[in-house]
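Some notes on the structure that comes next.
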Amino acid sequence: QSALTQPRSVSGSPGQSVTISCSGTSSDVGNYEYVSWFQHYPGKAPKVIIYDVSERPSGVPDRFSGSKSGNTASLTISGLQAEDEADYYCCSYAGRYSWMFGGGTKLTVL
Amino acid sequence: EVQLVESGGGLVQPGGSLRLSCAASGFTFSSYYMHWVRQGPGKGLVWVSRINNDGSSTSYADSVKGRFTISRDNAKNTLYLQMNSLGAEDTAVYYCGRQRSSGSSLFDYWGQGILVTVSS
């Protein structure tokens with residue numbers, strides 16, 4: 001059970017868009033439509049911002065969007081705001097009732 | 001209001017045991033799958049374990065299989081994680097979380113986390 005692969009860090013200026021990738025395999029990301037994305041501030045509870053690849057929970061701004069192509073899922077944040085600066089994690093179902101997180105990406109808003 | 005509150009963390013010696021609890025309120029606990037996730041110091045989130053709504057099915061990450069046991073008491077609205085043979089690598093903040101339904105990756109509520117430190 002290796003972690004899904006995410007870039008360690010990404011950055012962007014306010015108003016710009018950034019995309020965070022999440023690379024898995026045909027046994028996890030590529031095989032299921034069960035990919036979620038979490039926003040996490042240190043010391044706080046994780047917050048889901050995308051689930052089932054591209055669905056947004058109520059209350060999450062439509063600036064956040066998710067997609068998947070093959071074994072790679074992506075999170076795009078458009079119209080970057082200062083409060084978006086956080087750690088972001090992808091998570092995928094990996095079969096046999098197990099789940100797998102990515103290593104996490106630190107988003108810096110310049 | 002949905003609330004998940006972890007307890008039972010603390011300092012434990014290598015090889016020791018600890019039981020974490022997660023008290024749930026504000027929803028029908030017995031209807032939901034529950035999970036434990038952890039974050040080691042300076043590291044990312046890692047999925048640890050999952051239990052179905054009636055406790056009849058459990059699953060674990062390879063790193064904890066055979067050492068950790070997830071369970072629940074639906075009458076007490078409480079989720080547990082029994083951790084045995086603890087090592088330094090188990091030092092982490094542990095979070096309990098709710099899965100909205102078995103056919104979704106919507107983990108919609110999480111606790112604030114509880115710190116477990118394994119050290120002599």
Stacked cation flag B:Arg50 on A:Tyr97, 6.0 angstrom / 45 deg: yes
Structural part of B:Val37 lying under 4.5 Å from a heavy atom of chain A: side chain
Region of B:Tyr95 in contact with chain A, defined by heavy-atom distances below 4.5 Å: side chain
B:Tyr109-B:Tyr32 co-clustered via ILVMFWY side chain contacts under 4.5 Å: yes
Greatest number of heavy atom pairs closer than 4.5 Å to chain A - which of B:Gly113, B:Ser102, B:Gly103: B:Gly103
Heavy-atom check, side chain of B:Leu106 versus side chain of A:Val48, under 4.5 Å: yes
Cluster overlap B:Val118 with B:Met83, hydrophobic side-chain contacts below 4.5 Å: yes
B:Val5-B:Val93 co-clustered via ILVMFWY side chain contacts under 4.5 Å: no
Structural part of A:Tyr32 lying under 4.5 Å from a heavy atom of chain B: neither
Side-chain heavy atoms of A:Ser98 within contact of B:Trp47, under 4.5 Å: yes
A:Trp99 side chain near B:Gln99 side chain, heavy-atom distance below 4.5 Å: yes
Side-chain heavy-atom pair B:Trp110, A:His40 within 4.5 angstrom cut-off: no
Side-chain touch A:Phe101/B:Val46, heavy atoms, less than 4.5 angstrom: no
Same cluster (ILVMFWY, side-chain, under 4.5 Å), A:Val109 and A:Ile20: yes
A:Pro57 vs B:Asp108 side-chain heavy atoms within contact, under 4.5 Å: no
Exam field: side chain B:Ser105 to backbone A:Tyr51, donor-acceptor pair closer than 3.5 Å: no
Separation between CZ of B:Arg100 and CG of A:Asp52, rounded to the nearest 0.5 Å: 11.0 Å
Top contributor to chain B contacts, counting heavy-atom pairs under 4.5 Å, from A:Pro42, A:Pro46, A:Gly103, A:Gly43: A:Pro46
Co-membership, hydrophobic cluster, residues A:Met100 and A:Tyr88, 4.5 Å side-chain: yes
